Amino acid sequence: MYFIESIRLRLIPLTTQQLQLHASDYLGLQKSLGLSPRPMKMEEEFQLEFDDALANYWLPETAANVANYQWFTNWLIVEKESNSVAGGIGVAGMPNDNGETEMGYGLDEDFRGKGIATEAVECLMKWVFKHPAAHALTAQTPVRLPLSQRVLVKAGFSQVKEENGIILWRKAKVG
């Protein structure tokens with residue numbers, strides 16, 4: 001099983017088969033990965049967004065990009081101490097012609113406010129920036145979610161613009 005790690009976290013990119021299991025049997029997926037199974041606690045709005053990404057982006061894109069599936073999937077954020085899924089994170093594909101890709105993340109309510117999202121963003125950011133074509137990461141947060149904005153500020157992102165209640169963020173590769 002492929003994964004990357006930080007001090008407290010292990011990030012596991014899900015294959016097409018693992019995403020299918022996620023959709024049909026989330027607790028079974030966790031068991032298959034040797035994790036301590038627990039349901040995800042997330043606001044309905046974010047759960048609907050996740051379900052849409054799973055069905056309409058991650059599943060078809062990982063199936064179409066088997067060799068580079070990590071760029072098109074949800075990565076489980078696993079807290080090592082509890083061996084539990086704390087949330088998910090990912091990027092929206094390989095770097096585009098400008099060397100950019102977009103990052104998104106979400107955390108289980110029980111794991112918020114502990115620096116886990118920032119640590120996960122920094123860990124995946126290091127992985128992304130190892131790709132020679134990757135020059136910048138972008139992210140979007142609703143204006144009404146200051147904690148999510150704080151994660152990006154702590155990870156070194158800068159606000160680019162605000163439009164229709166959404167803030168666009170950017171972090172350039174250093175060096």
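As the structure is a prediction and not an experimental result, all values here were calculated from the model. For the numbers below, each heavy atom of this structure counts, side chains included, while hydrogens, waters and symmetry mates do not.
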Is [X] atom [atom1] crowded by more than 12 heavy atoms from other residues, nucleotides or ligands, each under 6.0 Å away?
X: K126; atom1: NZ; result: no
X: K80; atom1: NZ; result: yes
X: E43; atom1: CD; result: yes
X: K31; atom1: NZ; result: no

Backbone N/O of [Y] and side chain of [X]: donor-acceptor pair under 3.5 Å:
X: D108; Y: K41; result: yes
X: S148; Y: L145; result: no
X: K173; Y: A134; result: yes
X: T73; Y: Y69; result: no
X: T118; Y: A155; result: no
X: S32; Y: Q30; result: no
X: E122; Y: S6; result: no
X: N65; Y: E61; result: yes

Can you confirm whether [X] sits close enough to [Y] that some side-chain heavy atom of one is under 4.5 Å from a side-chain heavy atom of the other?
X: R10; Y: I12; answer: yes
X: V143; Y: I166; answer: no
X: I77; Y: V85; answer: no
X: I167; Y: Q140; answer: no
X: L11; Y: F3; answer: no
X: Q70; Y: W75; answer: yes
X: I4; Y: C123; answer: yes
X: E119; Y: K114; answer: no

Distance (rounded to the nearest 0.5 Å) between [X] [atom1] and [Y] [atom2]:
X: I89; Y: N74; atom1: CD1; atom2: CG; result: 9.5 Å
X: D25; Y: Q20; atom1: CG; atom2: CD; result: 13.0 Å
X: L21; Y: T16; atom1: CG; atom2: OG1; result: 12.5 Å
X: S84; Y: F111; atom1: OG; atom2: CZ; result: 5.0 Å
X: R8; Y: E79; atom1: CZ; atom2: CD; result: 7.5 Å

(message) As a quick check of understanding, evaluate salt bridge (charged side-chain N to carboxylate O under 4.0 Å, His left out) for D110 and R38, giving each step before the final call.
(response) CA-CA 11 Å; D110 291 343; R38 59 183 302 280; 2.7 Å; yes
Would you say [Y] ends up clustered with [X] if hydrophobic residues are merged whenever their side chains have heavy atoms under 4.5 Å apart, either directly or through other cluster members?
X: Y2; Y: L14; value: yes
X: L168; Y: V91; value: no
X: Y105; Y: I7; value: no
X: V153; Y: I116; value: yes

So which atom in [X] and which in [Y] form the shortest heavy-atom distance, rounded to 0.1 Å?
X: L19; Y: T62; value: CD1-OG1, 3.6 Å
X: G93; Y: F72; value: CA-CE2, 3.6 Å
X: V160; Y: W169; value: CG2-C, 4.1 Å
X: R170; Y: E100; value: NE-OE2, 2.9 Å
X: P95; Y: H131; value: CG-ND1, 4.2 Å
X: M125; Y: M103; value: N-CE, 4.0 Å

(message) Between D51 and Q47, do the side chains contain a donor N or O and an acceptor N or O under 3.5 Å apart?
(response)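 D51 and Q47 do have a side-chain donor-acceptor pair below 3.5 Å.
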(request) Compute whether any side-chain donor of one residue and acceptor of the other, for E102 and T138, lie under 3.5 angstrom apart. (result) no
(request) Determine, step by step, whether W71 and V128 satisfy the side-chain contact (heavy atoms from CB on, under 4.5 Å) criterion, reporting the C-alpha distance in whole Å, the side-chain angles of both residues, the deciding distance to 0.1 Å, and the verdict. (result) CA-CA 9 Å; W71 292 89; V128 166; 4.1 Å; yes
(request) Decide yes or no on side-chain contact (heavy atoms from CB on, under 4.5 Å) for H135 and F129, but give the supporting numbers first. (result) CA-CA 7 Å; H135 299 298; F129 286 152; over 6 Å; no
(message) Under the rule for side chain to side chain contact (heavy atoms under 4.5 Å, CB included), what residues qualify as partners of E163, not counting sequence neighbours?
(response)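 Partners of E163 by the side chain to side chain contact (heavy atoms under 4.5 Å, CB included) criterion, ordered by chain and then number, come out as K161.
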(request) Test L9 against E5 for side-chain contact (heavy atoms from CB on, under 4.5 Å), laying out the working first. (result) CA-CA 6 Å; L9 307 174; E5 289 185 297; over 6 Å; no
(message) Going by ring pair (Phe, Tyr, Trp, His ring centres under 6.0 Å), name the residues that satisfy it together with F50, two or more places apart in sequence or in a different chain.
(response)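 F50 satisfies ring pair (Phe, Tyr, Trp, His ring centres under 6.0 Å) with H22, W58 once adjacent residues are dropped.
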